[in-house]
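Counting from 1, the numbers follow the sequence of the chain as shown.
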Amino acid sequence: MSDPSADGDALERAIRDIGGDLASGFPSNARHPLRALDARAMDLASSDQELKAALFRFVDVTPACRSLDDLARHLREFLREVPDAPPPLAAAMRMADNRAARTALGAAAAAGVRHMAHRFIVGETPASALGVLRELWNRGVASSVDLLGEATVTQTEADRYAARCDEALVELARAEAGWPGRDVLERDSVGPIPRTNVSVKISALTPLLRPDAPERGRRDAAERLRPLLRHAAELGAHIHIDMESLDSREAVLDLVLEVLSEDEFSTGPSAGLVLQAYLRDSPEQLSRVLEWARGCDRTPPLTVRLVKGAYWDHELVQATQHGWPTPVFEVKAECDRNFELLTRRLLDARPRVRVAVASHNLRSVAHAIAYNRLIGGQDRDLELQVLRGLGDQLADALASRGFRVRAYCPVGDLVAGMAYLVRRLLENTSNESFILRMSEGEDLEALLAPP
Ligand SMILES: Cc1cc2nc3c(=O)[nH]c(=O)nc-3n(C[C@H](O)[C@H](O)[C@H](O)COP(=O)(O)OP(=O)(O)OC[C@H]3O[C@@H](n4cnc5c(N)ncnc54)[C@H](O)[C@@H]3O)c2cc1C
């Protein structure tokens, strides 16, 4: 039932009911998930574009600063670019004028950045993240661990990243084997779902991923991906391949579908890829994935994680600079409608694929749940995913209502985490962001209205 127009009213009613119920399950102060971020910085940043740009540049240089004094000087430099600094910033800038105060300011700024990063980054190593992962599991939330480390430029870095992924698989599988059973998180109609779940970036598995020579990068990455898949199969773990910017999309998709078609992987491990709904051609990409799934007898089925996409600004700038047509939707509602269309197609395609809907947008999430129920699907055959630090309250509300929910948990040091952090900040201070609209107190009815 890909066109639900006949049942449109029933679907909209169900979305309102489910969305309303989930919202009522948020803790009382959690209608404002931006509090999970540094609320003051976020409020200021979202209302002032120049300040926003300055803060982003500041966050970017933080790991490179050698001392607190250095950090304070940078902060002052960046804030100088803001014409009418709001009062707290003006005070900070005055403070930065003498050395003692500068040290104090630097310490406060460094602590602020670290505090903000730790909301998103669960630990420096898989071992140090285990406490948080276990606590999530106890609350009914599964996890996928992402090892931070972007922009691999040498073969040594790629080897190192692959080794870190492998160590994470071993470490997590060993620890997670001792956790108590949780049926909702570990089984759907198709069969068992691995506890251990690691998200992998192909661009970190090879330094050779270039749009002008995709074959070399694919071959190089495949050599590091295969041992990971083998080991995951032995350990009963899941490997999820993240999707990055459009220039690597074809190579990543070709690589994943090719490698997973190989005989040795025909019965495992559990694996998945990502579909980005902000891309105008995502419906064709989905057709390709579904055709692949139809043509290959692989078990367990491929998991497709549906997201809107994290590189929207980047794709727009790239296309504008080169004079290309923009590959992403430029109107948010069009992206949201496409997300819903893809959600319905994915849910209709089960059991050929497993479906994971990854969004913090209550409307997008409620739509997936409502449509699944309307076509007679079971709740356990739909996974919902959030980013740690952004979707914590939504995850708790979903878990408390018996849904399978998984939090994406980055692990790594602050330096490696900066690119990740900046993307999350950019995303959430955009005027179009659902989380920002919600934190500004927009009416629930408007938040749940059809896009
Ligand atoms: C578990 C998990 C895993 C993820 N993995 C990936 C991944 O592998 N690759 C990846 O790219 N992203 C990934 N993401 C990030 C995801 O793409 C963003 O979190 C998501 O786009 C935010 O969407 P939302 O539905 O939560 O919020 P919403 O506020 O509803 O949507 C925001 C999104 O809408 C889009 N958008 C914003 N403005 C416009 C506009 N003017 N016109 C059209 N579209 C617009 C952008 O994609 C923006 O991020 C993942 C997210 C989660 C939760």
Side-chain angles (χ1 to χ4, degrees), residues 2-5 8 11-12 15 19 46 49 52 211 241-253 273-290 304-349 353 355-368 370-371 384-387 390-391 394 408 422-438 440 442 446-451:
S2 266
D3 177 7
S5 50
L11 182 66
E12 289 304 325
I15 292 170
S46 47
Q49 289 308 313
K52 181 168 159 178
I241 308 297
D242 284 354
M243 199 55 93
E244 302 170 68
S245 50
L246 183 60
D247 50 10
S248 63
R249 198 260 318 257
E250 286 308 308
V252 170
L253 197 59
L273 47 72
V274 175
L275 183 68
Q276 294 161 315
Y278 64 4
L279 292 174
R280 293 178 194 273
D281 70 355
S282 49
E284 289 82 53
Q285 295 296 314
L286 176 57
S287 299
R288 182 176 167 207
V289 170
L290 293 181
V304 180
R305 178 201 294 156
L306 179 64
V307 303
K308 285 175 191 144
Y311 306 83
W312 187 81
D313 301 84
H314 168 86
E315 302 297 3
L316 208 63
V317 170
Q318 281 274 101
T320 312
Q321 271 174 359
H322 291 91
W324 298 332
T326 49
V328 288
F329 291 107
E330 289 175 71
V331 175
K332 173 71 162 61
E334 283 183 45
C335 171
D336 290 355
R337 280 196 293 274
N338 189 45
F339 190 88
E340 296 190 0
L341 180 80
L342 298 174
T343 300
R344 296 196 290 271
R345 285 184 60 196
L346 277 166
L347 291 171
D348 287 342
V353 289
V355 182
V357 169
S359 171
H360 312 110
N361 183 321
L362 205 54
R363 158 82 200 185
S364 306
V365 173
H367 165 269
Y371 181 76
L384 300 156
Q385 298 190 349
V386 301
L387 298 177
L390 274 184
L394 177 59
Y408 182 95
V422 168
R423 264 206 305 280
R424 298 286 82 82
L425 298 181
L426 260 178
E427 200 169 273
N428 289 288
T429 52
S430 135
N431 291 336
E432 307 275 14
S433 156
F434 180 89
I435 287 194
L436 185 69
R437 285 171 60 204
M438 190 161 169
E440 288 176 347
E442 198 171 319
L447 293 172
L448 291 173

key: Minimum heavy-atom distance L275-S282, with the two atoms named   = CD1-O, 3.8 Å
message = Between V355 and L346, does the side chain to side chain contact (heavy atoms under 4.5 Å, CB included) criterion hold? Intermediate values first, please.
response = CA-CA 6 Å; V355 182; L346 277 166; 3.9 Å; yes
query = Under a 4.5 Å cut-off applied to non-hydrogen side-chain atoms, are H360 and M438 in contact?
reply = no
note = Heavy atoms of A319 and P327 approach each other most closely as CB-CD, 3.8 Å
ask   = Between F339 and S364, which heavy-atom pair has the shortest distance, and what is it?
value = CE2-CB, 3.7 Å
message = With rounding to the nearest 0.5 angstrom, report the CG to CD distance, L394 to Q385.
response = 12.0 Å
ask   = Is E315 paired with R280 through a side-chain N to carboxylate O contact shorter than 4.0 Å?
value = no
ask   = What distance do D336 atom CG and H367 atom NE2 have between them, rounded to the nearest 0.5 Å?
value = 11.0 Å
request  = Side-chain contact test, heavy atoms from C-beta onward, threshold under 4.5 Å: evaluate it for L286 versus L306 and give yes or no.
outcome  = no
inquiry  = For the residue pair D247 / S245, report whether a side-chain donor-acceptor contact shorter than 3.5 Å exists.
reply    = yes
query = Below 4.5 Å, heavy atoms only, C-beta onward: do L253 and R288 meet side chain to side chain?
reply = yes
key: Any donor-acceptor pair under 3.5 Å from R337 side chain to P451 backbone   = yes
inquiry  = Rounded to the nearest 0.5 Å, what separates atom OG in S433 from atom NZ in K332?
reply    = 7.5 Å
ask   = For the residue pair V289 and V304, what are the closest heavy atoms and their distance?
value = CG1-CG2, 4.2 Å
key: Closest heavy-atom pair and its distance - F329, W312   = O-NE1, 2.9 Å
ask   = A366 and G19: which non-hydrogen atoms are nearest, and at how many Å?
value = CB-N, 3.8 Å
Beyond-backbone contact of V357 with T343, side-chain heavy atoms, under 4.5 angstrom = yes
remark   = Rounding to 0.5 Å, atoms OH (Y278) and OG1 (T326) come to a distance of 12.5 Å
query = Do the rings of H314 and Y311 sit parallel, tilted or perpendicular, given the 30° and 60° boundaries?
reply = perpendicular
task = Measure the shortest side-chain to side-chain distance between L347 and R344 over non-hydrogen atoms and say whether it is less than 4.5 angstrom.
result = no
message = Check whether R363 reaches the backbone of F434 with its side chain - one donor and one acceptor, N or O, closer than 3.5 Å.
response = no
ask   = Quick one: does V307's side chain get under 4.5 Å of M243's, heavy atoms only?
value = no
query = Got N338 and K308 here, is their nearest side-chain heavy-atom distance under 4.5 Å?
reply = no
inquiry  = Within this structure, what is the CG-CG distance for the pair L279 and L246, rounded to the nearest 0.5 Å?
reply    = 5.5 Å
key: Whether S287 side chain and P283 backbone form a donor-acceptor pair below 3.5 Å   = yes
query = Among side-chain atoms of E244 and S248, is any donor-acceptor pair under 3.5 angstrom?
reply = no
key: Heavy-atom check, side chain of V328 versus side chain of L316, under 4.5 Å   = yes
